[in-house]
Asks: 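Have a look at this one before I ask anything.
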Amino acid sequence: MVSLGRLNGSSVGAFSKILRTNCNSDFLKHNPNYLIRSLRNNCSSIEASNDKKFDDSKYSQSLKDGVIPKHVVIILDGNRRWLKARGLKLDYKPYLIAEMKFVDYCLKWGIGTATSYVYGLGNVEKRTKEETDVLLGQFETNLEEELENFTRNGVRVWVVGEKRMLSESCQATVKKVEEATKHNTKLDFILAVCYSSQRDIVHATRKICKKLREGSIAEEDVNEDLIEQHLSLCGSRPLPDLFIRTGGGQKRIGMLLGWQVGHIELYFSDSLAPDFGEDVFLDALRSYQLRDRMFGK
Ligand SMILES: CC(C)=CCC/C(C)=C/CC/C(C)=C/COP(=O)(O)OP(=O)(O)O
């Protein structure tokens, strides 16, 4: 039983949103305290929403016994909407905090590969140059700032996408971070920037055509495995098993996983990117574990 008597208007609004979003969720049956936690988390200010604590003690045991995905992909949508709702100016810090929480959860849960769709090729084409420049500038700064964190935690960073669209200094930072983290083995963290899966397939096809021309492979060698090996996402890494998208609204994968999409399990959350926390991550994990993955059987 929860008393709403001492809550202010926005807290009550947040509480009813959480109820609307979750009242049919199977998750709630297993987590009766989730609403209280969500209320505490969602009604707080920026600082609190950047530092949610999730009491997963009982819940996590059953998750540990289940299948842990090898590769989780995330689109953290809703940064601008979250800022707008608070009357704040454009800033990607709340997004970055959510991104780094995602990295922490993947490390904590022993997930070997994590991919984040930071900025799509479509975004570059549709948004103004000024907006893209600010965003990619911030990407460079954040990457540099997080290097120590990646190194300390054994995270290997890969950036995939049209790197030539990044400024020279950003390309140099990407190279530096990839080089500095290349011996880390706990987590492969792939950042898709100016990326489109269609373009990735085009590049892979060109590389294969070149090898055919040079005679290093024969036509019969061209098969699914060969094409996959030539893709920058995922290359030799495992295919994604779980896809998470925050931000409500769009229930699609976008241009991220054209080739890899076949057996991925989809999970959509209404939380906006800065509100992403362990509650959302674990709900996605639980939802994944409840699915019967058939692989065409
Ligand atoms: C190192 C590292 C990972 C750095 C990331 C830095 C960075 C600048 C990320 C930008 C992410 C992004 C495009 C958010 C957009 O949300 P949105 O603008 O699409 O929000 P909306 O869905 O509300 O429109």
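The shown structure was predicted, so the numbers you read here are calculated from the model rather than taken from an experiment. Start at 1 and go down the list; that is how both ligands and their atoms are numbered.
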Asks: Is it the side chain (CB and beyond), the backbone, both or neither of Arg127 that lies under 4.0 Å from ligand 1, heavy atoms counted?
Replies: side chain
Asks: Please list the nearest protein heavy atom to atom 10 (C) of ligand 1 with its residue and the distance rounded to 0.1 Å.
Replies: Tyr92 CD2, 3.7 Å
Asks: Which atoms form the tightest heavy-atom contact between Asp188 and Trp158, and what is the distance?
Replies: OD1-NE1, 3.2 Å
Asks: For Gln198, is the CD atom crowded, meaning more than 12 foreign heavy atoms sit under 6.0 Å from it?
Replies: no
Asks: Would you mind checking which non-hydrogen protein atom is closest to atom 3 (C) of ligand 1, with the distance to 0.1 Å?
Replies: Glu99 OE2, 3.5 Å
Asks: If you measure from the Lys or Arg side-chain nitrogens to the Asp or Glu carboxylate oxygens, is any gap between Arg152 and Glu148 under 4.0 Å?
Replies: yes
Asks: If you measure from atom 8 (C) of ligand 1 to every heavy atom of Leu135, Leu272, Leu136, which option wins on shortest distance?
Replies: Leu135
Asks: Counting heavy atoms only, which of Tyr95, Phe189, Phe150, Tyr117 comes nearest to atom 5 (C) of ligand 1?
Replies: Tyr95
Asks: Between Glu278 and Lys108 (salt bridge meaning N to carboxylate O under 4.0 Å), is one present in this structure?
Replies: yes
Asks: Who's the nearest protein heavy-atom neighbour of atom 18 (O) of ligand 1, and how far?
Replies: Arg80 NE, 2.9 Å
Asks: Within 45° of the ring axis of Trp82 and under 6.0 Å from its six-membered ring centre, is that where the NZ or CZ of Arg86 lies?
Replies: yes
Asks: Looking only at protein heavy atoms, which one is nearest to atom 16 (O) of ligand 1, and how far off is it?
Replies: Asn79 CB, 3.6 Å
Asks: Of all the atoms in ligand 1, which lie at a distance below 4.0 Å from a heavy atom belonging to Tyr119?
Replies: 13 (C)
Asks: Considering all heavy atoms of both residues, which atom of Tyr95 and which atom of Val118 are nearest to each other, and what is their separation?
Replies: OH-CA, 3.8 Å
Asks: Would you mind listing which atoms of ligand 1 come within a distance below 4.0 Å of any non-hydrogen atom of Val118?
Replies: 9 (C), 11 (C), 12 (C), 13 (C)
Asks: Please identify which atoms of ligand 1 are closer than 4.0 Å to at least one heavy atom of Gly78.
Replies: 20 (O), 21 (P), 22 (O), 23 (O)
Asks: I'd like to know if the side chain of Arg245 and the backbone of Asp77 have a donor-acceptor N/O pair within less than 3.5 Å.
Replies: no
Asks: Using a 4.0 Å cutoff against the non-hydrogen atoms of Leu96, which atoms of ligand 1 qualify?
Replies: 1 (C), 2 (C), 4 (C)
Asks: Taking everything shown except Lys207 itself, do over 12 heavy atoms lie less than 6.0 Å from its NZ?
Replies: yes
Asks: Quick one: does any side-chain atom of Ser216 pair with a main-chain N or O of Leu212 as donor and acceptor, under 3.5 Å?
Replies: no
Asks: Looking only at protein heavy atoms, which one is nearest to atom 23 (O) of ligand 1, and how far off is it?
Replies: Arg81 N, 2.9 Å
Asks: Tell me, which protein residue and heavy-atom name are nearest atom 6 (C) of ligand 1, and how many Å apart are they?
Replies: Asn142 OD1, 3.3 Å
Asks: Please could you name the atoms of ligand 1 that Leu191 approaches to less than 4.0 Å, counting only its heavy atoms?
Replies: 3 (C)
